[in-house]
*Asks:* 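Sharing a structure with you now.
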Amino acid sequence: MSPSPSPFLELDDSAYTRRRLDLLRSKGSDRQREFLSQVRDSADFLEVFADVPLRGGVSAELSPYPMTESEYKDPPGDTEEELYASWSALTPSVACRCAFWAKVTLDHVREGRIQSVYLAANGGSLPGGAERIDAILQDKTLEAPRRIDSCVRTVLRRLGGLPEVRGNRSVYVDCPFARAWWRERIVAEAAAGDDESARYVRRVVRIHQTYWEKLIDRIVFRNSTFGSTNIRNALLRALAQFLRDNPDSDLANYQSFQRLCRRTTAYQGTLEMSLLSDSELDHLMASVVTNAASSAG
(Lines give C-alpha, C1' and ligand atoms only; values in the text may rest on other atoms or scores of the structure.)
Protein backbone atom coordinates (compact mmCIF):
# COMPACT_ATOMS: atom_id res chain seq x y z
CA MET A 1 0.00 0.00 0.00
CA SER A 2 1.43 3.42 -0.92
CA PRO A 3 1.75 6.04 1.86
CA SER A 4 -1.03 8.57 2.21
CA PRO A 5 -0.41 11.96 0.60
CA SER A 6 1.42 14.48 2.74
CA PRO A 7 -0.32 17.77 3.52
CA PHE A 8 3.14 19.34 3.20
CA LEU A 9 5.29 19.65 0.11
CA GLU A 10 7.90 16.95 -0.27
CA LEU A 11 9.99 15.46 -3.03
CA ASP A 12 8.39 12.69 -5.04
CA ASP A 13 9.59 9.65 -3.13
CA SER A 14 10.19 7.39 -6.15
CA ALA A 15 12.09 10.03 -8.12
CA TYR A 16 14.13 11.08 -5.08
CA THR A 17 14.99 7.46 -4.31
CA ARG A 18 16.21 6.98 -7.87
CA ARG A 19 18.38 10.11 -7.56
CA ARG A 20 19.98 8.81 -4.36
CA LEU A 21 20.64 5.39 -5.88
CA ASP A 22 22.18 7.02 -8.94
CA LEU A 23 24.59 8.94 -6.71
CA LEU A 24 25.51 5.77 -4.83
CA ARG A 25 25.86 3.48 -7.84
CA SER A 26 29.65 3.58 -8.25
CA LYS A 27 32.05 4.29 -5.39
CA GLY A 28 34.47 7.11 -6.22
CA SER A 29 32.98 7.61 -9.70
CA ASP A 30 33.13 10.77 -11.78
CA ARG A 31 29.46 11.26 -10.92
CA GLN A 32 30.25 11.27 -7.21
CA ARG A 33 33.15 13.65 -7.73
CA GLU A 34 30.91 15.98 -9.72
CA PHE A 35 28.26 15.81 -7.01
CA LEU A 36 30.72 16.82 -4.28
CA SER A 37 31.84 19.75 -6.43
CA GLN A 38 28.17 20.76 -6.70
CA VAL A 39 27.72 20.45 -2.92
CA ARG A 40 30.54 23.00 -2.61
CA ASP A 41 28.22 25.68 -4.08
CA SER A 42 24.61 26.05 -2.89
CA ALA A 43 23.20 27.11 -6.27
CA ASP A 44 24.84 24.14 -8.02
CA PHE A 45 23.63 21.80 -5.30
CA LEU A 46 20.02 22.92 -5.69
CA GLU A 47 20.25 22.19 -9.42
CA VAL A 48 20.99 18.51 -8.65
CA PHE A 49 17.45 18.10 -7.33
CA ALA A 50 15.65 20.79 -9.34
CA ASP A 51 14.03 18.27 -11.68
CA VAL A 52 12.71 16.00 -8.91
CA PRO A 53 8.91 16.46 -8.88
CA LEU A 54 7.12 17.71 -5.79
CA ARG A 55 4.10 16.21 -4.08
CA GLY A 56 1.81 17.58 -1.37
CA GLY A 57 0.37 20.89 -0.28
CA VAL A 58 2.21 23.72 1.48
CA SER A 59 5.84 24.21 2.38
CA ALA A 60 6.85 23.65 5.99
CA GLU A 61 8.14 26.59 8.00
CA LEU A 62 11.87 27.33 8.00
CA SER A 63 14.28 28.11 10.79
CA PRO A 64 13.64 31.75 11.74
CA TYR A 65 17.31 32.70 11.26
CA PRO A 66 20.46 31.52 9.43
CA MET A 67 22.43 28.75 11.13
CA THR A 68 26.17 28.30 11.46
CA GLU A 69 27.71 25.01 10.38
CA SER A 70 28.20 23.80 13.97
CA GLU A 71 24.66 24.85 14.91
CA TYR A 72 23.28 22.91 11.97
CA LYS A 73 25.34 19.75 12.58
CA ASP A 74 24.37 19.52 16.23
CA PRO A 75 21.71 22.10 17.12
CA PRO A 76 21.75 23.27 20.76
CA GLY A 77 18.71 22.36 22.82
CA ASP A 78 17.13 25.80 22.52
CA THR A 79 17.54 25.71 18.73
CA GLU A 80 15.83 22.33 18.57
CA GLU A 81 12.99 23.72 20.68
CA GLU A 82 12.55 26.61 18.23
CA LEU A 83 12.62 24.28 15.24
CA TYR A 84 10.03 22.00 16.82
CA ALA A 85 7.82 25.00 17.53
CA SER A 86 8.12 26.05 13.87
CA TRP A 87 6.98 22.56 12.86
CA SER A 88 4.24 22.15 15.44
CA ALA A 89 1.74 21.21 12.72
CA LEU A 90 3.72 18.14 11.67
CA THR A 91 2.47 14.66 12.48
CA PRO A 92 4.66 11.59 13.03
CA SER A 93 3.44 10.12 9.74
CA VAL A 94 4.97 13.11 7.91
CA ALA A 95 8.03 13.51 10.15
CA CYS A 96 9.26 9.98 9.40
CA ARG A 97 9.46 10.65 5.65
CA CYS A 98 12.85 11.01 4.01
CA ALA A 99 11.36 12.88 1.04
CA PHE A 100 9.73 15.45 3.34
CA TRP A 101 12.90 16.31 5.24
CA ALA A 102 14.92 16.49 2.02
CA LYS A 103 12.51 19.17 0.79
CA VAL A 104 12.80 21.02 4.10
CA THR A 105 16.60 20.93 3.94
CA LEU A 106 16.66 22.07 0.31
CA ASP A 107 14.36 24.97 1.22
CA HIS A 108 16.77 25.99 3.99
CA VAL A 109 19.60 26.03 1.45
CA ARG A 110 17.49 27.93 -1.08
CA GLU A 111 16.55 30.63 1.44
CA GLY A 112 20.07 30.99 2.83
CA ARG A 113 19.34 29.55 6.27
CA ILE A 114 22.13 27.01 5.75
CA GLN A 115 24.80 26.42 3.10
CA SER A 116 24.83 23.16 1.17
CA VAL A 117 28.45 22.54 2.13
CA TYR A 118 27.32 22.09 5.75
CA LEU A 119 25.86 18.73 4.75
CA ALA A 120 29.33 17.33 4.06
CA ALA A 121 30.84 18.19 7.43
CA ASN A 122 32.21 15.52 9.72
CA GLY A 123 30.81 15.20 13.22
CA GLY A 124 32.16 16.81 16.36
CA SER A 125 35.21 19.07 16.06
CA LEU A 126 36.48 17.44 12.86
CA PRO A 127 36.98 19.57 9.71
CA GLY A 128 33.96 21.31 8.22
CA GLY A 129 32.25 20.47 4.97
CA ALA A 130 34.30 22.72 2.70
CA GLU A 131 37.60 21.46 4.06
CA ARG A 132 36.46 17.86 3.83
CA ILE A 133 35.32 18.12 0.20
CA ASP A 134 38.45 19.98 -0.88
CA ALA A 135 40.74 17.42 0.77
CA ILE A 136 38.83 14.48 -0.72
CA LEU A 137 38.78 15.84 -4.26
CA GLN A 138 42.54 16.40 -4.11
CA ASP A 139 43.21 12.88 -2.80
CA LYS A 140 45.09 10.73 -5.34
CA THR A 141 45.61 7.69 -3.09
CA LEU A 142 43.93 4.30 -3.24
CA GLU A 143 41.67 5.50 -0.41
CA ALA A 144 40.12 8.22 -2.56
CA PRO A 145 37.12 6.22 -3.89
CA ARG A 146 36.11 5.13 -0.38
CA ARG A 147 36.46 8.67 0.98
CA ILE A 148 34.46 10.15 -1.91
CA ASP A 149 31.65 7.64 -1.43
CA SER A 150 31.64 8.20 2.35
CA CYS A 151 31.27 11.95 1.89
CA VAL A 152 28.44 11.53 -0.64
CA ARG A 153 26.65 9.31 1.88
CA THR A 154 27.12 11.92 4.60
CA VAL A 155 25.48 14.56 2.41
CA LEU A 156 22.51 12.33 1.62
CA ARG A 157 22.08 11.29 5.26
CA ARG A 158 22.01 14.92 6.36
CA LEU A 159 19.74 15.94 3.51
CA GLY A 160 16.87 13.69 4.59
CA GLY A 161 18.22 10.34 5.73
CA LEU A 162 19.59 7.39 3.81
CA PRO A 163 17.15 4.48 4.28
CA GLU A 164 18.89 2.36 1.62
CA VAL A 165 21.80 1.88 4.02
CA ARG A 166 20.45 2.36 7.53
CA GLY A 167 16.74 1.75 7.18
CA ASN A 168 14.05 4.16 8.31
CA ARG A 169 15.93 4.94 11.52
CA SER A 170 18.30 7.03 9.37
CA VAL A 171 15.68 9.80 9.18
CA TYR A 172 15.46 10.00 12.99
CA VAL A 173 19.21 9.83 13.54
CA ASP A 174 21.11 11.26 10.57
CA CYS A 175 19.07 14.25 9.34
CA PRO A 176 19.61 17.16 11.78
CA PHE A 177 16.21 18.74 11.17
CA ALA A 178 14.32 15.46 11.55
CA ARG A 179 16.38 14.56 14.62
CA ALA A 180 15.49 17.91 16.22
CA TRP A 181 11.78 17.32 15.64
CA TRP A 182 11.80 13.76 17.00
CA ARG A 183 13.86 14.66 20.04
CA GLU A 184 11.50 17.45 20.99
CA ARG A 185 8.46 15.32 20.19
CA ILE A 186 9.69 12.67 22.62
CA VAL A 187 10.50 15.35 25.22
CA ALA A 188 7.05 16.92 24.87
CA GLU A 189 5.26 13.58 25.20
CA ALA A 190 7.26 12.51 28.26
CA ALA A 191 7.07 15.87 30.05
CA ALA A 192 3.35 16.44 29.36
CA GLY A 193 3.61 20.20 29.84
CA ASP A 194 5.91 20.13 32.87
CA ASP A 195 8.80 22.49 32.06
CA GLU A 196 11.11 21.08 34.71
CA SER A 197 10.53 17.52 33.56
CA ALA A 198 11.10 18.61 29.95
CA ARG A 199 14.45 20.10 30.88
CA TYR A 200 15.72 16.85 32.37
CA VAL A 201 14.27 14.58 29.66
CA ARG A 202 15.92 16.85 27.10
CA ARG A 203 19.27 16.17 28.75
CA VAL A 204 18.70 12.43 28.35
CA VAL A 205 17.90 12.55 24.63
CA ARG A 206 20.93 14.79 24.07
CA ILE A 207 23.57 12.88 26.08
CA HIS A 208 25.39 12.14 22.82
CA GLN A 209 24.64 10.93 19.32
CA THR A 210 25.17 7.23 20.00
CA TYR A 211 22.86 7.38 23.03
CA TRP A 212 20.17 8.93 20.86
CA GLU A 213 20.67 6.25 18.21
CA LYS A 214 20.27 3.47 20.78
CA LEU A 215 17.25 5.19 22.30
CA ILE A 216 15.54 5.38 18.91
CA ASP A 217 16.53 1.83 18.09
CA ARG A 218 15.15 0.46 21.37
CA ILE A 219 12.01 2.47 21.97
CA VAL A 220 10.85 3.15 18.40
CA PHE A 221 11.98 0.30 16.16
CA ARG A 222 12.80 -2.85 18.07
CA ASN A 223 10.96 -3.25 21.31
CA SER A 224 7.24 -3.94 21.32
CA THR A 225 7.17 -3.04 25.03
CA PHE A 226 7.49 0.62 24.07
CA GLY A 227 4.67 0.50 21.58
CA SER A 228 2.78 1.94 24.55
CA THR A 229 3.53 5.66 24.74
CA ASN A 230 2.71 5.65 28.46
CA ILE A 231 5.38 3.03 29.18
CA ARG A 232 7.98 4.88 27.12
CA ASN A 233 7.17 8.19 28.77
CA ALA A 234 7.35 6.72 32.26
CA LEU A 235 10.73 5.17 31.53
CA LEU A 236 12.15 8.43 30.18
CA ARG A 237 10.80 10.44 33.12
CA ALA A 238 12.28 7.99 35.62
CA LEU A 239 15.62 7.90 33.82
CA ALA A 240 15.72 11.69 33.56
CA GLN A 241 14.99 12.12 37.27
CA PHE A 242 17.59 9.52 38.22
CA LEU A 243 20.32 11.10 36.08
CA ARG A 244 19.39 14.52 37.44
CA ASP A 245 20.30 13.26 40.93
CA ASN A 246 23.09 10.91 39.79
CA PRO A 247 24.78 12.59 36.82
CA ASP A 248 27.80 10.28 36.98
CA SER A 249 25.70 7.11 36.88
CA ASP A 250 26.57 4.37 34.43
CA LEU A 251 23.05 4.80 33.02
CA ALA A 252 24.38 7.76 31.05
CA ASN A 253 26.23 5.10 29.05
CA TYR A 254 24.34 3.72 26.05
CA GLN A 255 25.23 0.10 26.88
CA SER A 256 23.56 0.56 30.26
CA PHE A 257 20.55 2.13 28.58
CA GLN A 258 20.19 -1.01 26.47
CA ARG A 259 20.33 -3.11 29.63
CA LEU A 260 17.65 -0.90 31.18
CA CYS A 261 15.38 -1.50 28.19
CA ARG A 262 15.89 -5.26 28.48
CA ARG A 263 14.92 -5.12 32.16
CA THR A 264 11.80 -3.15 31.29
CA THR A 265 10.88 -5.77 28.70
CA ALA A 266 11.34 -8.49 31.33
CA TYR A 267 8.89 -6.69 33.63
CA GLN A 268 6.40 -6.47 30.79
CA GLY A 269 6.69 -10.23 30.40
CA THR A 270 5.40 -10.78 33.95
CA LEU A 271 3.20 -7.71 34.41
CA GLU A 272 0.84 -6.09 31.90
CA MET A 273 2.24 -2.59 32.31
CA SER A 274 -0.05 -1.02 29.75
CA LEU A 275 -2.93 -1.56 32.21
CA LEU A 276 -1.24 0.47 34.96
CA SER A 277 -2.10 4.09 35.68
CA ASP A 278 0.50 6.79 34.98
CA SER A 279 1.34 7.13 38.67
CA GLU A 280 1.75 3.36 39.00
CA LEU A 281 3.97 3.30 35.92
CA ASP A 282 6.10 6.17 37.28
CA HIS A 283 6.59 4.31 40.57
CA LEU A 284 7.44 1.04 38.80
CA MET A 285 9.87 2.67 36.36
CA ALA A 286 11.64 4.52 39.17
CA SER A 287 12.24 1.14 40.76
CA VAL A 288 13.39 -0.43 37.47
CA VAL A 289 15.86 2.41 36.84
CA THR A 290 17.26 2.28 40.38
CA ASN A 291 17.71 -1.50 40.20
CA ALA A 292 19.39 -1.25 36.81
CA ALA A 293 21.81 1.37 38.14
CA SER A 294 22.67 -0.70 41.22
CA SER A 295 23.55 -3.72 39.08
CA ALA A 296 25.68 -1.76 36.63
CA GLY A 297 28.94 -3.35 35.73
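Any value given below was found using the heavy atoms of this structure, including those in side chains, with hydrogens, waters and symmetry copies removed.
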*Asks:* Tell me, with the steps shown, if Arg153 and Leu24 meet side chain to side chain contact (heavy atoms under 4.5 Å, CB included).
*Replies:* CA-CA 8 Å; Arg153 289 167 186 262; Leu24 296 174; 3.6 Å; yes
*Asks:* Residues two or more places apart in sequence or in another chain: which of them pass side-chain hydrogen bond (donor to acceptor under 3.5 Å, both in side chains) with Asp74?
*Replies:* none
*Asks:* Would you say the side chain of Thr79 lies within less than 4.5 Å of the side chain of Pro76, judging by non-hydrogen atoms?
*Replies:*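 When only atoms from C-beta onward are counted, Thr79 and Pro76 do touch, with a gap below 4.5 Å.
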*Asks:* State which residues pass salt bridge (Lys or Arg N to Asp or Glu O under 4.0 Å) with Glu34; sequence neighbours excluded, sorted by chain then number.
*Replies:*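 Result, salt bridge (Lys or Arg N to Asp or Glu O under 4.0 Å) vs Glu34: Arg31.
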*Asks:* Can you pull out every ring-ring contact (aromatic ring centres under 6.0 Å, His included) where at least one residue sits in residues 146-170? Sequence neighbours excluded, please.
*Replies:* none
*Asks:* Which residue pairs pass the ring-ring contact (aromatic ring centres under 6.0 Å, His included) test when at least one of the two sits in residues 146-174, sequence neighbours left out?
*Replies:*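 Qualifying pairs, neighbours excluded: Tyr172-Trp182, Tyr172-Phe221.
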*Asks:* Please give me the minimum heavy-atom distance between Gly161 and Cys175, naming the atom from each residue.
*Replies:*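 In terms of heavy atoms, the two residues are closest at N-CB, 4.0 Å.
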*Asks:* Going by atom types only, do Asp174 and Ser170 share a side-chain donor-acceptor pair under 3.5 Å?
*Replies:* yes
*Asks:* Tell me whether Asp78 at atom CG has more than 12 heavy atoms from other residues, nucleotides or ligands lying less than 6.0 Å away.
*Replies:* yes
*Asks:* Using atom types as modelled and distance alone, determine if a side-chain donor or acceptor of Ser294 lies under 3.5 Å from a backbone N or O of Asn291.
*Replies:* yes
*Asks:* Go through it in stages, so that I can follow the logic: the residues are Arg158 and Tyr118, the test is side chain to side chain contact (heavy atoms under 4.5 Å, CB included), and I'd like the CA-CA distance, side-chain angles, deciding distance and then a yes or no.
*Replies:* CA-CA 9 Å; Arg158 293 236 170 91; Tyr118 293 178; over 6 Å; no
*Asks:* Looking at residues at least two apart in the chain, or sitting in another chain, which of them share a salt bridge (Lys or Arg N to Asp or Glu O under 4.0 Å) with Asp134?
*Replies:*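 Checked Asp134 against salt bridge (Lys or Arg N to Asp or Glu O under 4.0 Å); matches are Arg40.
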*Asks:* Can you tell me if Ser42 uses its side chain to pair, donor with acceptor, with the backbone of Gln115 under 3.5 Å?
*Replies:* no
*Asks:* What pairs of residues pass the side chain to side chain donor-acceptor pair (under 3.5 Å) test when at least one of them lies in residues 234-248, not counting sequence neighbours?
*Replies:*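 Listed once each, the pairs are Arg237-Asp282.
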*Asks:* If you look at every heavy atom in Val52 and Leu11, which pair is closest and at what distance?
*Replies:*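 Distance-wise, the nearest heavy atoms are CG1-CB, 4.0 Å.
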*Asks:* Do other residues, nucleotides or ligands put more than 12 heavy atoms under 6.0 Å from the NE2 atom of His283?
*Replies:* no
*Asks:* According to the interplanar angle, ranging from 0 to 90°, do the rings of Phe49 and Phe35 count as parallel (below 30°), tilted (30 to 60°) or perpendicular (above 60°)?
*Replies:* perpendicular
*Asks:* Would you say the side-chain atoms of Trp101 pair up with the backbone N or O of Ala95, donor to acceptor, closer than 3.5 Å?
*Replies:*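 Indeed, once roles are kept as given, a pair shorter than 3.5 Å links the two residues.
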*Asks:* Is the charged tip of Arg179 near the ring of Trp212: under 6.0 Å from the six-membered ring centre and within 45° of its axis?
*Replies:* no
*Asks:* Hey, could you give me the CG/CZ distance between Asn122 and Arg132, rounded to the nearest 0.5 Å?
*Replies:*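 Result: 4.0 Å between the selected atoms.
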*Asks:* Look up atom CD1 in Ile114 and atom OG1 in Thr68, then write down how far apart they are to the nearest 0.5 Å.
*Replies:* 11.0 Å
*Asks:* Please identify each residue that fulfils side-chain hydrogen bond (donor to acceptor under 3.5 Å, both in side chains) with Glu213, with sequence neighbours left out.
*Replies:*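 Glu213 satisfies side-chain hydrogen bond (donor to acceptor under 3.5 Å, both in side chains) with Arg166 once adjacent residues are dropped.
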*Asks:* So Asp217 and Lys214, salt bridge (charged side-chain N to carboxylate O under 4.0 Å, His left out) or not? Walk me through it.
*Replies:* CA-CA 5 Å; Asp217 192 48; Lys214 298 303 180 183; 5.5 Å; no
*Asks:* Is there a donor in the side chain of Ser29 and an acceptor in the side chain of Gln32, or the other way round, less than 3.5 Å apart?
*Replies:*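 No, no side-chain donor-acceptor contact under 3.5 Å.
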*Asks:* Before giving the answer on side chain to side chain contact (heavy atoms under 4.5 Å, CB included), spell out for Cys98 and Glu10 the whole-Å C-alpha distance, their side-chain angles and the decisive distance to 0.1 Å.
*Replies:* CA-CA 9 Å; Cys98 176; Glu10 59 181 44; over 6 Å; no
*Asks:* Please report the closest heavy-atom contact between Ala130 and Val117, naming both atoms and the distance.
*Replies:* N-CG2, 3.2 Å
*Asks:* How about Thr154 and Arg157: does a side-chain donor come under 3.5 Å of a side-chain acceptor?
*Replies:* yes
*Asks:* Compare every heavy atom of Leu215 with every heavy atom of Phe257, then report the nearest pair and how far apart it is.
*Replies:*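 Looking at all heavy atoms of both residues, the shortest contact is CE2-CA, 3.5 Å.
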*Asks:* Quick one: list whatever passes salt bridge (Lys or Arg N to Asp or Glu O under 4.0 Å) with Glu131, sequence neighbours left out.
*Replies:* none
*Asks:* Measuring from Leu54:CG to Phe8:CZ, what's the distance to the nearest 0.5 Å?
*Replies:* 15.0 Å
*Asks:* May I ask you to say whether Asp22 pairs ionically with Arg19, meaning some side-chain N is under 4.0 Å from a carboxylate O?
*Replies:* no
*Asks:* Hey, are the side chains of Leu156 and Leu23 touching, using non-hydrogen atoms and a 4.5 Å cut-off?
*Replies:* yes
*Asks:* More than 12 foreign heavy atoms under 6.0 Å from CD of Glu47: is that the case here?
*Replies:* no
*Asks:* Is there any salt bridge (Lys or Arg N to Asp or Glu O under 4.0 Å) pair reaching into residues 110-122, and which pairs are they, with sequence neighbours excluded?
*Replies:* Asp107-Arg110
*Asks:* Just do the side chain to side chain contact (heavy atoms under 4.5 Å, CB included) check on Ile207 and Tyr254 with the steps written out, would you?
*Replies:* CA-CA 9 Å; Ile207 288 175; Tyr254 71 85; over 6 Å; no
*Asks:* If every non-hydrogen atom of Ala188 is compared with every non-hydrogen atom of Tyr84, which pair is closest and at what distance?
*Replies:* CB-OH, 4.2 Å
*Asks:* Could you go through residues 195-203 and list every donor-acceptor pair under 3.5 Å that involves a side-chain atom there, pairing it with any protein atom two or more places apart or in another chain?
*Replies:*
unit_1	atom_1	unit_2	atom_2	d
Arg202	NE	Glu184	OE2	2.8
Arg202	NH2	Glu184	OE1	3.0

*Asks:* For Asp12 and Ser14, which I'm curious about, is there any donor-acceptor pair between the side chains at under 3.5 Å?
*Replies:* no
*Asks:* Residues in ring-ring contact (aromatic ring centres under 6.0 Å, His included) with Phe177, at least two apart?
*Replies:* Tyr72, Trp87, His108
*Asks:* Looking at Pro66 and Glu71, what are the two nearest heavy atoms and their distance?
*Replies:* O-OE1, 4.2 Å
*Asks:* Answer yes if the side chains of Glu189 and Thr229 hold a donor-acceptor pair under 3.5 Å, and no otherwise.
*Replies:* no
*Asks:* Roughly how far, to the nearest 0.5 Å, is CZ of Arg232 from CG of Leu281?
*Replies:*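 Taking CG in Leu281 and CZ in Arg232, the distance rounds to 13.0 Å.
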*Asks:* How far does CG of Leu239 sit from OG1 of Thr264, to the nearest 0.5 angstrom?
*Replies:*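 These two atoms lie 9.5 Å from each other.
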*Asks:* Going by salt bridge (Lys or Arg N to Asp or Glu O under 4.0 Å), name the residues that satisfy it together with Arg206, two or more places apart in sequence or in a different chain.
*Replies:*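 Checked Arg206 against salt bridge (Lys or Arg N to Asp or Glu O under 4.0 Å); matches are Glu80.
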*Asks:* If you apply the rule side chain to side chain donor-acceptor pair (under 3.5 Å), what do you find for Thr17 with Arg20, and how did you get there?
*Replies:* CA-CA 5 Å; Thr17 298; Arg20 293 196 306 273; 3.2 Å; yes
*Asks:* Does atom CG (Leu142) have a neighbourhood of more than 12 heavy atoms from anything else shown, all under 6.0 Å?
*Replies:*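 No - once you tally the heavy atoms of other residues, nucleotides and ligands closer than 6.0 Å, there are 12 at most.
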*Asks:* When you compare the side chain of Leu159 with that of Tyr16, does any pair of heavy atoms fall below 4.5 Å?
*Replies:*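 Yes; the side chains approach each other to less than 4.5 Å.
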*Asks:* With side-chain contact (heavy atoms from CB on, under 4.5 Å) as the test, pick out the partner of Phe242 among Val204, Leu260, Leu251.
*Replies:* Leu251
*Asks:* How far does CD1 of Ile133 sit from CZ of Arg33, to the nearest 0.5 angstrom?
*Replies:*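 Answer rounded to 0.5 Å: 12.5 Å.
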*Asks:* Can you tell me if Ser256 uses its side chain to pair, donor with acceptor, with the backbone of Asp250 under 3.5 Å?
*Replies:* yes
